[in-house]
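Below is one structure, written out as structure tokens; comments come after it.
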Amino acid sequence: MNIILFGPPGAGKGTQADNIVKFFNLHRVSTGDLLRDEVQNNSDLGSKIKSLMDKGSFAPDDIINDLIVKILSNSEFYNRLVFDGYPRNLNQAKKLNLLLEKYNQKISYVLSLKVDKKIAVKRILGRQTCTKCKLIFNKYFNPPTKKNHICDPKFLDKRSDDNEKTIINRFEHYLDKTLPILDFYKDLDLLHQINGMGEISVIFEQIRSILTSLET
Ligand SMILES: [Zn+2]
């Protein structure tokens, strides 16, 4: 099965993508990673991408499509993809459908994690990483205590680039951009809304039950 995963900042999309990949033995496709890999490989496409990045521009849809074709044509990944952070617009979504058809595949599920803006903000603002043991905590939802963390609290680090206003902007920008894409998949009867508000394991349980419902 091929899956697309959507979720605003603070919805825990990255964590759930990891869970899905591990549990169902799938391959994660992030266009950001694909772009970086291409630049590192020093390919012709890579140098084109690099010059765009250096100018601070986004990669145009045709470059993204080329990268997606590479994945879809790779038999190793056949029918076991989790698209994360892609498609980003309606054109990419429509193009993806055409490409999937060309490579004899389809999207099985589109999952959209839903989370309240307030909770998303708290999740991001409260995030604390231990620079020593790399464990991740949350000031509001999963605070470090003597029981769950042995290092000195001085090692706890907060992501410095996140302030409330920036997070709210990113959140609202996501909703604006993504709504038309979600409607597109809703019309195709592929969209599943996931309540992204609870514990990570509870959220994954919802996802797992949806993904296994048609597995048979
Ligand atoms: Zn630690």
Side-chain angles (χ1 to χ4, degrees), residues 3-41 53 56 71 77 80-86 88 109 111-175 177-178 192-212:
I3 298 163
I4 305 176
L5 190 57
F6 288 106
K13 181 166 66 74
T15 309
Q16 297 303 339
D18 285 345
N19 286 342
I20 295 168
V21 162
K22 273 184 214 141
F23 191 89
F24 294 97
N25 187 28
L26 303 176
H27 179 77
R28 181 178 184 163
V29 180
S30 138
T31 48
D33 289 347
L34 293 175
L35 288 165
R36 277 186 291 274
D37 287 352
E38 204 64 40
V39 171
Q40 257 179 357
N41 291 343
M53 281 175 161
I71 294 288
F77 306 139
R80 42 185 295 261
L81 301 170
V82 179
F83 294 99
D84 173 6
Y86 167 90
R88 272 191 200 281
Y109 304 93
L111 306 175
S112 170
L113 289 166
K114 292 197 81 168
V115 63
D116 268 5
K117 188 158 68 181
K118 272 187 186 159
I119 295 201
V121 169
K122 271 185 143 184
R123 276 185 178 167
I124 298 173
L125 279 181
R127 205 177 280 164
Q128 291 180 309
T129 311
C130 177
T131 51
K132 198 176 174 200
C133 68
K134 306 292 175 211
L135 281 177
I136 298 166
F137 299 95
N138 192 293
K139 202 161 79 184
Y140 307 107
F141 301 109
N142 173 31
T145 62
K146 280 186 178 134
K147 270 189 183 166
N148 65 12
H149 190 222
I150 53 165
C151 313
D152 193 297
K154 74 176 180 197
F155 292 109
L156 290 166
D157 197 22
K158 193 181 156 299
R159 267 169 61 169
S160 56
D161 56 332
D162 294 326
N163 67 61
E164 191 164 345
K165 203 167 158 240
T166 322
I167 299 166
I168 290 175
N169 278 340
R170 271 163 54 207
F171 191 94
E172 284 171 351
H173 180 77
Y174 165 86
L175 294 185
K177 282 273 175 191
T178 316
H192 296 260
Q193 303 274 12
I194 311 280
N195 178 357
M197 244 71 104
E199 296 265 323
I200 289 170
S201 60
V202 176
I203 299 167
F204 182 63
E205 194 46 44
Q206 292 177 65
I207 294 174
R208 198 190 59 77
S209 72
I210 291 169
L211 299 188
T212 43

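Counting starts at 1 for both ligands and their atoms, in listed order. Here the structure is a predicted model, which means the values were calculated and not measured.
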How would you list, by chain and number, every residue that makes a ring pair (Phe, Tyr, Trp, His ring centres under 6.0 Å) with Phe141, sequence neighbours excluded?
none

Suppose we screen for ring pair (Phe, Tyr, Trp, His ring centres under 6.0 Å). Which residues come up paired with Phe137, at least two apart in sequence or across chains?
His149

Say whether, by atom type as modelled, one donor and one acceptor occur between the side chain of Asp116 and the main chain of Ile119 under 3.5 angstrom.
no

Pairs touching residues 135-145 that satisfy side chain to side chain donor-acceptor pair (under 3.5 Å), sequence neighbours left out:
Thr145-Asn148

Give me the protein N, O or S atoms that fall under 2.8 Å of the Zn ion (ligand 1), sorted by chain and residue number.
Cys130 SG, Cys133 SG, His149 NE2, Cys151 SG

What heavy-atom pair brings Ala120 and Phe171 nearest, and what distance separates the two atoms?
CB-CE1, 3.5 Å

For Gln16 versus Leu113, what's the shortest heavy-atom pair and its separation?
CG-CD1, 4.3 Å

